[in-house]
Structures are given as structure tokens and as C-alpha cells.
Amino acid sequence: MIVFGSVKNKPVSYFFKKVFSQFKRNQVFKTSSLVEHPAAGYRKIFETVEELNEPIPAKITGVIPSWLGGSLLRMGPGLFEVGDEPFHHLFDGQALMHKFDLKNGQVTYYRKFIRTDAYVRAMTENRVVITEFGTVGYPDPCKNIFSRFFTYFRGTEVTDNCVVNVYPIGEDFYAVTETNYITKVDPDSLETLKKVDLCKYLSVNGLTAHPHTDTDGTVYNIGNCFGKNMSLAYNIVKIPPAQKDKSDPIEKSEVVVQLPSSERLKPSYMHSFGMTDNYFVFVEQPVKINLLKFLSAWSIRGATYMDCFESNDSMGVRKGGARGVVTGYLSSHKFRTSAFNLFHHINAYEDEGFIVVDLCTWKGHDFVYNYLYLANLKEEWEEVKKAAMRAPQPEVRRYVLPLDIHREEQGKNLVSLPYTTATAVLHSDGTIWLEPEVLFSRPRQAFEFPQINYSLCRGKKYSFAYGLGLNHFIPDRIVKLNVQTKETWVWQEEECYPSEPLFVPTPGATEEDDGVLLSIVVKPGAERPGFLLVLDAMKLTELARAEVNTIIPVTFHGMYKP
């Protein structure tokens, strides 16, 4: 695995290479607990729902803070089959946008499918038309054999199924996946406005679904770039904030840093990256996209994106160096560690000549997405547990990268920060071997979908992270983690399945955790089975819930719009 860093205002790069039971309502624990799910109510969050014709009112219990007025916007799959054809992978279901509106003490819930090409054509033809992450789209069966033959070799269309996240660019809002297509949406009506092809403005073949935003509204992101002679690179792009002349900021996008790929035809899969005040941090993990498979897959019946992934089981010990696409390298040293999967960065910051990087990791090189097929997630509970036992073990880790390295320091720990046990040791070949400090680890209990007080702590030393607790891949709790002391708090309720908790700070707050957490929770079998949960972020106790009489399927990521 390799981590690249780059000074934001100046193209400078370095890289790090290695790569019991029953619970009472609203119970809060200081340690993580294991909950059994014999009734398999979790299946409901993976089932198709209909969109709503108009917002429906919620029944409120408890007290919602008077200052909390805005919209919680969330993205996730809402259509899990078309006609008789099921979608196979968790990331294949068609994009459904959700909105909880909080206004004048009242709460309403609304949802609408995004009218992507993938969705419109699937609904029109009553079948899967465009290939998704783990589901292949076939040519029209009504065409004759010659038409179908040419369809295969014309190439399968890249999906625009924007199922993963929604975020602002300038004054507009975009629903996104990880391809080159993003979809402009109206955050009030949830109407689909237009499809945007980023390839028209940037040299990228897609961007992550987790950009970073500076205080002025500038958006940074990272994506793969297929260059000349099939060369591979990772481009960090910059999208400026809202323009005074009301022009589209995307039209003024630019690549600010280009980072080399360690393998010419096999870029690493990326889902997020880190950003401090002065550096970008990118982890090049052993899960690879085989470019030759990717380019040829569209000519092979039955190929999906998942078919193009492979794991490099030797990535953790490979040597390598930065190649000359970026000038002014911070260091020629290579930072390396043992193999792991990575999807979500928690935070990264600079401190006394070091970069501290906190990550949600999964041990080893086996691709975690292999375990997220819907057939696996909807199994009986004992089968779900068996599958999870074969999957990589989750762990929250802290790595520390020294910035000032001298040859005479070989063989000793270069990390001098007093509050971490993470180490960095310089070897004779110039590589620096990193060992992490483990911040959170429980058997088959993941701390994932992490959130922080972003406006206050992004790129700064911090204390608290909030995450969705996954119990053998089933989301059944919300966790608060003190990354300094490793203390945890857990909100959990019987037969409840929450989503990523979003932190909203109290206006004028000075304490890092002074605010609320917002999470959409599903409680199958309840009279009102879907609700917006409002938690006190300090104590992780319930302040209020706004219940609606509808099931809400799984959501991935989203935002709070004041």
C-alpha cells in the first residue's frame, strides 16, 4: 500500500508505500456490545421501496433542539430488482435520495429516485440495461443475434447510478457515485436537473465519492487518470467555490497534483483520501483495478466492475519510488506497512513535524466488497456470521509519518509524539516501515462510515470520531470514539438498524463534541418503522426521534443542509 502526500498550494509529493441479550430502548454503553439478530429484520433495509408523491409528516417524541432547522439529505439504493432481474451487489440498487426536513418544530420525510440514465432505461425496458458494480446489463433480448453481437463489442456504458453520496459544489448540489458522471439535483424538490460528465472538464476517469471542502468552499478530490501509452496516475483536482459571475465552478476545475501509480496497468481502488492544512494523503492499497480486464470486460458477456478487481498479496513488501510526474518531492523515502483494505479516512493532521493519519482499515489484501453481495447480506443470521468470519478483520488504526528524515537515524523509531504508540523505522534501503497504533478493535465489530466535527477539526488535532457500528456487516449501533483515550460510547436499540451518523455542531459551540448526531434508523415491525434519530453528541443519549410510517432502505452517505 502506498500513501502519497502533496502540499496543497505547491505541487510537492511524498508517498508511503506498503502499502445479552436484549436491550432497553435508548441504552448507551461505554463498551461495544454484541447483539444477535435471529429474526433477520435487517433484510428489510435491502428491499425495494416506492418513492413518495409528497412529504409525509413525522411523529416526534422527545425534544428537537430549537436551533436545528434544515435538511438531512441521504443517498442509497432503493430499487433492488427490475422486473424479474435482481441487482446482485449492495452498490447496484438504483439511487434513491432521502430528505428529512426540520422546520419550526415539525419534521417531514420525502424521497425520490434520481432520474439517471441507468434508472430511466431500466424502468422503460423493465430490465437491467446498464452494467452496475456487481450486476451485468445485457443487450436487448428482442434484438436479433447480429444486433446483440455488435452491441457487445461497441462497449458497455459506464453507469451514472449516483447511489453513494451527495455534496455541494458552489451553490449547486450533486449526487455521485465513483464514475465520471455526477448528477445535479434540487435539494428542496429532489428533482433531477442534469447529468454532468467530468471528463469534459478534467483529466480523470472518475472521482471518489468523498471530496474535501475548504472553508471558502473550494472542493478537492482525487481520481484515476489513464494517460499516454496506457500509463496510470492519480490526479488531485480542485473545483473553485461559487463564482461571483454565477458561472459554473466545474468549468473552472483543474488538476493541481498528479501522483504516479506504482503499477502501470493496475491502479489501486480508492474511496476516500486525507487532507491536512498543507498536505494531501492518499493510500495506495493492495486492492487493484486490472486495467486490461477493465477495458476488455465490456466485450465479454457477463463481466462487471467487480470482475476487474484483484488483490496484490505482496503489495505490503514491494519496493518502489516516485516517478517523475511531480516535481519537488518532499522525500525520496518510501513509507510502507502491512497490507489492508481502506475505504474511509477519519482525519489527518500535522503535529510537530509529523502527519498523523487515522483510518478505518480491514486487515489483509482480501477485498471486503467480495462480502457485500446482497445474497450474503440477506441470509439467515448464522449464515451472515459465517461469511463475516471469512472476511478481513476491521480495525481503526493511527499511522504517523515523519516529515524530517535523516540517513543516520536508521533502525530507531522516528516518532516522538508522546500521545501515540505508532512507530516509523528507517531501513537501510531508504524505506520507512510504519506500525500503527490500534484505536479500536473488536472481533467482527467494525467502526465504519466515520464522521468528525468537520468544520472545526478537519486537518486539525482532534479527540472525537463518530461511526456506524457494523456487527458482522449488519449496521446495528452508533459509536462515539475518543481517539486519544480509546474510550467508546454506544447507542443501540433492539431490532434497530441505523445509518451513518452526521455531526451537526451547536451554533457558537466551543467544545468539539457540542452538537447533535443525525441518523436515519429502521425498526422493522414497529408501527412507524422508519425514524430520524437525534442524539446528544456529547453523551450519545437520545434527544428526539421523528417517526414515519414507512420502511427506509439502507443509506450510505449524505449531508446536513442548514
Task: Flag for E527-N549: side-chain donor and acceptor within less than 3.5 Å - done: no

Task: Verdict with reasoning, R477 to V490, per side-chain contact (heavy atoms from CB on, under 4.5 Å) - done: CA-CA 7 Å; R477 62 210 142 90; V490 177; 3.8 Å; yes

Open item on the list: Nearest 0.5 angstrom please: S499 OG to I478 CD1, how far?
Closed with: 7.0 Å

TODO: Keeping the roles fixed (side chain from N126, backbone from M123), state whether a donor-acceptor pair exists under 3.5 Å.
DONE: no

Open item on the list: Looking only at the aromatic ring of each residue, does the gap between the centers of Y110 and H98 stay below 6.0 angstrom?
Closed with: no

Open item on the list: Just so I know, are the side chains of W491 and L517 near enough to count as touching, which here means a heavy-atom distance under 4.5 Å?
Closed with: no

Task: Interatomic distance, L198 atom CG to S253 atom OG [nearest 0.5 angstrom] - done: 7.5 Å

TODO: Hey, could you give me the CD1/OH distance between I346 and Y466, rounded to the nearest 0.5 Å?
DONE: 12.5 Å

Task: Sub-6.0 Å ring centroid separation between F282 and Y234 - done: yes

- [ ] Verify whether one side chain among Y109 and R111 offers a donor that lies under 3.5 Å from an acceptor in the other.
- [x] yes

- [ ] Taking N290 for its side chain and K293 for its backbone only, find out whether a donor-acceptor pair lies under 3.5 Å.
- [x] yes

Task: Pairwise distance OG1(T361) to CZ(F343) - rounded to 0.5 angstrom - done: 10.5 Å

Task: Check: H365 main-chain N/O paired with S311 side-chain donor or acceptor under 3.5 Å - done: yes

TODO: Under the side-chain contact (heavy atoms from CB on, under 4.5 Å) rule, what do L377 and F473 come out as? Steps first, then yes or no, please.
DONE: CA-CA 8 Å; L377 296 174; F473 292 116; 4.1 Å; yes

Open item on the list: Can you confirm if the aromatic rings of W362 and F447 lie within a centre distance of less than 6.0 Å?
Closed with: no

TODO: Determine whether L73 and M97 make a side-chain contact, defined as any pair of heavy atoms from C-beta on separated by less than 4.5 Å.
DONE: yes

- [ ] Please name all residues satisfying side chain to side chain contact (heavy atoms under 4.5 Å, CB included) with P57, sequence neighbours left out, ordered by chain then number.
- [x] none

Open item on the list: Quiz question: by atom type and distance under 3.5 Å, do the side chains of H210 and H345 form a donor-acceptor pair?
Closed with: no

TODO: Please identify each residue that fulfils ring pair (Phe, Tyr, Trp, His ring centres under 6.0 Å) with F133, with sequence neighbours left out.
DONE: H89, F91, F309, Y369

Open item on the list: Between Y371 and D366, is there a side-chain donor-acceptor contact under 3.5 Å, judged purely by atom types and distance?
Closed with: yes

Open item on the list: Walk me through whether R43 and E379 qualify under salt bridge (charged side-chain N to carboxylate O under 4.0 Å, His left out).
Closed with: CA-CA 8 Å; R43 291 175 176 172; E379 278 278 12; 5.7 Å; no

- [ ] Quick one: pull up CD1 in I182 and CG in L207 and give me the separation to the nearest 0.5 Å.
- [x] 8.0 Å

- [ ] State whether the side chain of Q285 and the backbone N or O of L342 hold a donor-acceptor pair below 3.5 Å, judged by distance alone.
- [x] yes

Open item on the list: Looking at every non-hydrogen atom in both residues, tell me the closest pair between T208 and M270 and how far apart they are.
Closed with: CG2-CG, 3.7 Å

TODO: Over 60° means perpendicular and under 30° means parallel, so classify the ring planes of H212 and Y454, tilted if in between.
DONE: parallel

Task: All side-chain hydrogen bond (donor to acceptor under 3.5 Å, both in side chains) counterparts of N205, not counting sequence neighbours - done: none

Open item on the list: Looking at every heavy atom in both V82 and F87, which two are closest together, and how far apart are they?
Closed with: CG2-CE1, 3.5 Å

Open item on the list: For the NZ atom on K252, are there more than 12 heavy atoms of other groups (residues, nucleotides or ligands in this structure) within a distance under 6.0 Å?
Closed with: yes

- [ ] Identify the heavy atoms of L96 and F113 that sit nearest to each other, and give their distance.
- [x] CD1-N, 3.5 Å

TODO: Please say whether more than 12 non-hydrogen atoms of neighbouring residues, nucleotides or ligands are located less than 6.0 Å from NZ in K44.
DONE: no

TODO: Scan residues 166-176 for pairs that pass salt bridge (charged side-chain N to carboxylate O under 4.0 Å, His left out), counting only residues two or more places apart or in two chains.
DONE: E171-K246, D172-K184

Task: Qualifying residues under side chain to side chain contact (heavy atoms under 4.5 Å, CB included), relative to P211, sequence neighbours excluded - done: Y167, V219, N221

Open item on the list: For a side-chain contact (heavy atoms from CB on, under 4.5 Å) check, start with the C-alpha distance between L72 and K99, then their side-chain angles and the critical distance, and finish with the verdict.
Closed with: CA-CA 5 Å; L72 175 66; K99 181 177 68 158; over 6 Å; no

Open item on the list: I need the single residue from L532, V107, I56 that forms a side chain to side chain contact (heavy atoms under 4.5 Å, CB included) with V548. Which is it?
Closed with: I56

Open item on the list: Less than 6.0 angstrom from the centroid, inside 45 degrees of the normal: does R115 satisfy that with respect to the ring of Y119?
Closed with: no

Task: Selection residues 190-202 - residue pairs positive for salt bridge (charged side-chain N to carboxylate O under 4.0 Å, His left out), sequence neighbours left out - done: K112-E191, D117-K195, D160-K195

Task: Residues forming a side-chain hydrogen bond (donor to acceptor under 3.5 Å, both in side chains) with T159, sequence neighbours excluded - done: E132

Task: Check against side-chain contact (heavy atoms from CB on, under 4.5 Å), L359 and F340 - done: CA-CA 11 Å; L359 309 170; F340 60 76; 3.8 Å; yes

Open item on the list: Donor-acceptor pair, distance only, cut-off 3.5 Å: does the side chain of N235 make one with the backbone of S203?
Closed with: yes

Task: Non-hydrogen side-chain atoms of Y181 and V158 separated by less than 4.5 Å - done: yes

TODO: List in chain and number order the residues that pass side chain to side chain contact (heavy atoms under 4.5 Å, CB included) with E495, two or more places apart in sequence or in another chain; answer none if no residue qualifies.
DONE: H37, A39, Y497

Open item on the list: If the condition is salt bridge (Lys or Arg N to Asp or Glu O under 4.0 Å), which residues does E383 pass it with, not counting sequence neighbours?
Closed with: K386

TODO: Looking only at non-hydrogen atoms, find the nearest pair between I250 and I169 and report the distance.
DONE: CG1-CG2, 4.0 Å

Task: Residues E310 and K266 bridged, charged N to O under 4.0 Å - done: yes

TODO: Sequence neighbours left out, what pairs pass side chain to side chain donor-acceptor pair (under 3.5 Å) with at least one residue falling in residues 69-87?
DONE: T48-E81, S71-D101, R74-E500, R74-T555

TODO: Please list, chain by chain and in numerical order, all residues satisfying salt bridge (Lys or Arg N to Asp or Glu O under 4.0 Å) with E382, sequence neighbours excluded.
DONE: K385

Task: Set of side chain to side chain contact (heavy atoms under 4.5 Å, CB included) partners for R444, sequence neighbours left out - done: M389, Q393, H472

Task: Under 3.5 Å donor-acceptor, D92 side chain and F80 backbone - done: no

Open item on the list: To the nearest 0.5 Å, what is the distance between CZ on R545 and CD1 on I64?
Closed with: 12.0 Å

TODO: Write down the atom of C496, the atom of K523, and the distance for their closest heavy-atom approach.
DONE: SG-CD, 3.6 Å

Open item on the list: On a heavy-atom basis, which atom in K480 and which in L540 lie closest, and how many Å separate them?
Closed with: N-CD2, 4.0 Å

Open item on the list: Has T179 got a side-chain atom pairing as donor or acceptor with G206's backbone, closer than 3.5 angstrom?
Closed with: no

